[in-house]
Structure formats: C-alpha cells, structure tokens
Amino acid sequence: AFSFNALLQAGIDAEKFERVIEAFEELPAAISVQPDMISHNTVIHALCKMGSLDEALSKFRELGNEPDIVTFNTLLNALYKSGRFSEGETLWAEMDVESESRVDPNVRSYNIRLRAMVAENKSDDAIRAAAEMLGKGLKADAYTYNALICGLCVNGNLDEALKYYEDLQRKKCRPHLFSTYSALIQAFVEAGDIDRAFKLCMDAVKRRLSLDEALCDRVVDGLNDKGKTKEASTLKIMMRPEGYN
RNA sequence: GCUUCUUGGGCAAUU
C-alpha cells in the first residue's frame, strides 16, 4: 500500500487530480490493495486541491470515526482558505469536542487556524487562540510566529506583532525571516515609525538577510525626509548586494 | 524507520 500511496501523492505533485481520484477508485480492486488512512487523506487532499471541497467533505463523513489529525488539518485548511471560515470553525469544534472520536489539535492545526483568523482580521481571536495553544503545552514554531507576526502587521496591530517578534528573538526556532521582516518593516513604514523600521532593517542585516530593494528604498526615503541622512546612507550601503567592502 | 496535512521573495545547489 506504500507504493499505492506514493502513486496517489505523485498525482498531486503533478496536479493531475482527476487521475488521483481515478486511481483511488480503480486500483485497489485491480491490484488488490487495501486503501489505508493515508490513502484516504491523500485523496481528500486531491479533492480539496481541485476545488471539490464538498466532495472532500462527504468523503470525510463516510469515514465515520476514522478521521485522524491529518484529515482534519487538510479539511480545515481548505475551508479556511476558500473563505468558508465559519464552516472551518464548526469543523474545528467537532474535532476539539469531548467524545470517543476526539482528535487533539496539534501545532499544525493551530497554525492553520491562526492564519485564518488573522486573514479574517480577527486579531484578538488569534491572540487568544495562540495563548490557548500554549496553555495546552503545545509549542509555537516558526509557522506560528510567522502567521501571527505577518497577520498582525497586515491588520495594523503593531504592538502585538512586536511582542511576538521579541518573543521570537528569545527562541531558537528559525522563522521564515524574509516575510517576517518584510511584514514588520512595511507595517512600520506605513505607520510612519521610520526609526523602528530602520532598526528592523539593521536587525535583518545582522542576520545576513537580504531584504526587498523597493522596501529598503522606502525606508531610505523616509529617513531622508526626516533629515536622518546618515542613517539613510548607512542603510543604502548595507543593502547594496555587492556591498561588504 | 519509509508514504498523507500548515507560511516562503531572491540567490545557490559540483551531471
């Protein structure tokens, strides 16, 4: 069944979703393999990716008590991503409920949900959910921080974003630094806090991270507007790709 | 142990 599952996954990688469904329906009888949970999850993933979310959901219902954490995560992600936030929340509640078929949300589940919450401009809910996650003993990872920081920046919740950023500095997990820094710097530029933006640029340089040129130019312009020409030229030199001389 | 689920811009990656 491993090679059967690998075949299904290969179909997803190649974006031949109809072929995945076909193979899932026809091959087991033809080559006498028993689809396992991974097979079911893979085909549900394929249905989600081809936009047949409702079909994916009915496959999920057919599984009864079988669905595992991957099944839930796949469907939650698809629901949230396609703008069906409240249905996602309903499914979350179903997963998170006390019953014999209970499935404990893991860090990935929370990461998926946190992204959805900030995308819905529900920063407070996201902050609460993150705290709840930590309260359960789950550890925030790079995805968690990235989702929170980028989402809070976009929502203009800069104080909270900075808190998570500082929190992140103390951890050793490696976030996706490019988007984390880009989101923070852009948000502070737009909020007119050019000093903070400059400081973040310098932090990024220290981490040997090359930032987006256009964004750096905006910081340079902002510094010049404030008469901070020394900082402006520092940043210009630091950011030059052929720099370090 | 190996196959399924969440973020990601560029560069590079010895045939």
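Lettering follows sequence order; numbering is per chain, from 1.
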**Request:** Can you sort out which residues in residues 2-17 of chain A have a heavy atom within less than 4.0 Å of RNA chain B? Ascending by number, please.
**Result:** A/Phe2, A/Asn5, A/Gln9
**Request:** Kindly say whether, by distance alone, the side chain of A/Ser210 makes a donor-acceptor pair under 3.5 Å with the base of B/G9?
**Result:**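 Such a pair is found, so the answer is yes.
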Output the rounded distance in Å from [atom1] ([X]) to [atom2] ([N]).
{"X": "A/Leu209", "N": "B/A12", "atom1": "CG", "atom2": "C1'", "result": "15 Å"}
{"X": "A/Lys49", "N": "B/U4", "atom1": "NZ", "atom2": "P", "result": "12 Å"}
{"X": "A/Glu213", "N": "B/G10", "atom1": "CD", "atom2": "C1'", "result": "11 Å"}
{"X": "A/Asp36", "N": "B/U4", "atom1": "CG", "atom2": "P", "result": "12 Å"}
{"X": "A/Met37", "N": "B/C5", "atom1": "CE", "atom2": "P", "result": "13 Å"}
{"X": "A/Ile38", "N": "B/U3", "atom1": "CD1", "atom2": "C1'", "result": "5 Å"}
{"X": "A/Asn106", "N": "B/C5", "atom1": "CG", "atom2": "C1'", "result": "8 Å"}
{"X": "A/Met95", "N": "B/U6", "atom1": "CE", "atom2": "P", "result": "15 Å"}

**Prompt:** Between A/Phe85 and A/Tyr80, how do the two ring planes meet: parallel, tilted or perpendicular, split at 30° and 60°?
**Reply:**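 The rings of A/Phe85 and A/Tyr80 sit tilted, inter-plane angle from 30° to 60°.
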**Asked** Looking at A/Glu89 and A/Arg113, does any basic side-chain N land under 4.0 Å from a carboxylate oxygen?
**Response**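 Yes, this pair counts.
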**Prompt:** Going by an N to O cut-off under 4.0 Å, is there a salt bridge joining A/Asp221 and A/Arg218?
**Reply:**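 No salt bridge links A/Asp221 with A/Arg218.
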Quick one: do the [X] and [Y] side chains pair a donor with an acceptor below 3.5 Å?
{"X": "A/Ser179", "Y": "A/Asn146", "answer": "yes"}
{"X": "A/Gln9", "Y": "A/Asn5", "answer": "no"}
{"X": "A/Glu160", "Y": "A/Tyr164", "answer": "no"}

What is the nucleic acid contact for [X], judged by heavy atoms within less than 4.0 Å: base, sugar-phosphate only, or nothing?
{"X": "A/Asp212", "value": "nothing"}
{"X": "A/His176", "value": "base"}
{"X": "A/Arg108", "value": "base"}

**Asked** Would a distance-only check, ignoring hydrogens and angles, find a side-chain to backbone donor-acceptor pair under 3.5 Å from A/Asn73 to A/Arg108?
**Response** no
**Message:** On the nucleotide B/U7, are OP1 or OP2 found under 4.0 Å from the side-chain N or O atoms that A/Lys81 carries?
**Reply:** yes
**Asked** If you check every side-chain atom of A/Phe178, which of B/C5, B/G9, B/U4 has the closest atom?
**Response** B/G9
